[in-house]
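The figures here come from the full heavy-atom set of this structure, side chains too, leaving out hydrogens, waters and symmetry mates.
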Amino acid sequence: MRKVTVITSNPESNSLTNAVGKAFADGATSSGARADIIDLYKIGFNPVYGIDDRNHYLGKAPVPEDIKGLQEQLADSDVIALVFPIYWYSMPAMMKGFLDRVFCRGFAYYPGGKPGRLAGKTVRIVLLAGSSQEWTEEAGIDEALRNQIIRQALGKYCGIEDVEFMYVDNLKMGNDDPERRARAAKQLEQVREMSADLI
């Protein structure tokens, strides 16, 4: 059975971010996979790269206890989905801290740039945006994120080649406009279908 792990980052438990994460997981299970959701806020994840992380990076200490289980879950997954809103044209601090601490040297990659235990995984990054995908692309934000996350971090360092973005766009917080709600519902269904097709 294929295993899917979805990581979400939004402080609101009933956020559209978490609804997208659930839609991704539902799509995977509808195709026979086992899917788990890691809500970084719900588990109280500490995104701060601290001295224990630094000492591990320098080879002076073991992996911090609070990330061992997360690393094992990712290593055991066939598909990993990162679901987060775009904040200031980048990822939220919580998701960045997740990458900083969990995708660390000795796990996701090794000294000299050799890929680690995530090499060959399938990764989908679902970006929630208030603007349209077209505007994000025209403004150069999409390209900057693709270079930083896909080509450099996940590709060059981690050896993950099957990485794609998907946008859930044109969002506005607190907007109950029927047209916007219908668009969001349609995008949730597209996330489910995309996930189901991966399995």
* Could you walk me through whether Thr17 and Val168 pass side-chain contact (heavy atoms from CB on, under 4.5 Å), step by step? => CA-CA 9 Å; Thr17 302; Val168 175; over 6 Å; no

* Asked: Is a side-chain N or O of Asn18 found less than 3.5 angstrom from the main chain of Glu12, in a donor-acceptor match?
  -> yes

* Structure fact -> Closest heavy-atom pair, Met95 versus Val83, reported as atoms and distance to 0.1 Å, is CE-O, 3.9 Å

* Structure fact -> Note: Gly21 and Thr8 closest approach over all heavy atoms is CA-CG2, 3.9 Å

* Would you say Leu198 and Val163 are hydrophobically clustered, going by side-chain heavy atoms of ILVMFWY under 4.5 Å? -> no

* Out of curiosity, does Tyr41 fall in the hydrophobic cluster containing Tyr87 (side-chain heavy atoms, cut-off under 4.5 Å, transitive links)? -> no

* To do: Measure from the side-chain N and O atoms of Ser31 to the backbone N and O of Ala196, and report whether any donor-acceptor pair falls under 3.5 Å.
  => yes

* Asked: If you round to the nearest 0.5 Å, how far is OG of Ser132 from OH of Tyr167?
  -> 10.0 Å

* Asked: Salt bridge check: are Asp36 and Lys3 linked by an N-O gap of less than 4.0 Å?
  -> no

* Asked: Met166 and Val123: same hydrophobic cluster, using ILVMFWY side-chain contacts below 4.5 Å?
  -> no

* Asked: Do Asp100 and Asp53 come close enough that some side-chain heavy atom pair is under 4.5 Å?
  -> no

* Between Arg192 and Glu189, does at least one N-O distance fall below 4.0 Å, as a salt bridge requires? -> yes

* **Under 3.5 Å donor-acceptor, Glu164 side chain and Arg124 backbone** => no

* Structure fact -> Closest non-hydrogen atoms of Ser77 and Thr5, given as atom of the first, atom of the second and distance, are OG-OG1, 2.6 Å

* Asked: Does Asn55 use its side chain to pair, donor to acceptor, with the backbone of Lys60 at less than 3.5 Å?
  -> no

* Asked: Can you find a heavy atom in the side chain of Phe24 that is under 4.5 Å from one in the side chain of Ile37?
  -> no

* **Short side-chain to backbone donor-acceptor contact, Ser195 and Ala28, under 3.5 Å** => yes

* So, for Met1 and Gly32, which heavy atoms are closest and what is the spacing to 0.1 Å? -> CG-O, 3.5 Å

* Asked: For Ile43 and Leu70, what are the C-alpha separation, side-chain angles and deciding distance, and is it a side-chain contact (heavy atoms from CB on, under 4.5 Å)?
  -> CA-CA 11 Å; Ile43 68 170; Leu70 295 169; 4.2 Å; yes

* **Exceeds 12 heavy-atom contacts within 6.0 angstrom, atom OH of Tyr89** => no

* Pairwise distance CD1(Ile141) to OG(Ser131) - rounded to 0.5 angstrom -> 6.0 Å

* Asked: Looking only at side chains, do Asp142 and Thr136 share a donor and an acceptor under 3.5 Å apart?
  -> no

* Asked: Should Leu127 and Ile125 count as side-chain neighbours, where that means a heavy-atom distance under 4.5 Å?
  -> yes

* Is the shortest heavy-atom distance from the side chain of Asp26 to the side chain of Val191 under 4.5 Å? -> no

* Between Tyr109 and Ile150, is there a shared hydrophobic cluster once you connect ILVMFWY residues whose side-chain heavy atoms come closer than 4.5 Å? -> no

* Asked: Does some side-chain heavy atom of Ile7 sit less than 4.5 Å from a side-chain heavy atom of Val102?
  -> no

* To do: Look up atom CZ in Arg54 and atom SG in Cys104, then write down how far apart they are to the nearest 0.5 Å.
  => 13.0 Å

* Asked: Given Phe103 and Phe98, is the side-chain contact (heavy atoms from CB on, under 4.5 Å) satisfied, shown in steps?
  -> CA-CA 7 Å; Phe103 285 48; Phe98 179 80; 3.7 Å; yes

* Distance-only, no hydrogens or angles: does the Arg101 side chain make a donor-acceptor pair with backbone N or O of Asn46 under 3.5 Å? -> yes

* Asked: Hey, are the side chains of Thr122 and Asp78 touching, using non-hydrogen atoms and a 4.5 Å cut-off?
  -> no

* To do: Would you give the length of the straight line joining atom CZ of Arg117 to atom CZ of Phe107, rounded to the nearest 0.5 angstrom?
  => 6.0 Å

* To do: Could you check if a side-chain atom of Leu118 sits within less than 4.5 angstrom of a side-chain atom of Ile80, using non-hydrogen atoms only?
  => yes

* For the side chain of Ser90 and the backbone of Ile86, is there at least one donor-acceptor N/O pair under 3.5 Å apart? -> no

* **Residue of the set Val126, Asn170, Asp169 for which side chain to side chain contact (heavy atoms under 4.5 Å, CB included) holds with Gln187** => Asp169

* Tell me, yes or no, whether the heavy-atom count around Glu161 atom CD, taken from other residues, nucleotides or ligands under 6.0 Å, exceeds 12. => no

* Asked: Looking only at heavy atoms, which two atoms of Cys158 and Pro115 are closest? And how far apart?
  -> O-CB, 3.5 Å

* To the nearest 0.5 angstrom, please state how far the CG atom of Leu154 sits from the CG atom of Leu99. => 7.0 Å

* Taking C-beta and beyond as the side chain, do Tyr57 and Tyr49 meet within less than 4.5 Å on heavy atoms? -> yes

* Within one Ile-Leu-Val-Met-Phe-Trp-Tyr cluster: Ile38 and Val79, side-chain cutoff 4.5 Å -> no

* To do: Taking atom CZ of Phe45 as the centre, report whether more than 12 heavy atoms of other residues, nucleotides or ligands fall under 6.0 Å from it.
  => yes

* Asked: For Glu143 and Arg151, what are the C-alpha separation, side-chain angles and deciding distance, and is it a salt bridge (charged side-chain N to carboxylate O under 4.0 Å, His left out)?
  -> CA-CA 10 Å; Glu143 173 55 27; Arg151 288 193 288 275; 2.2 Å; yes

* In Å, rounded to the nearest 0.5 Å, how long is the span from CG of Asp76 to NZ of Lys121? -> 7.0 Å

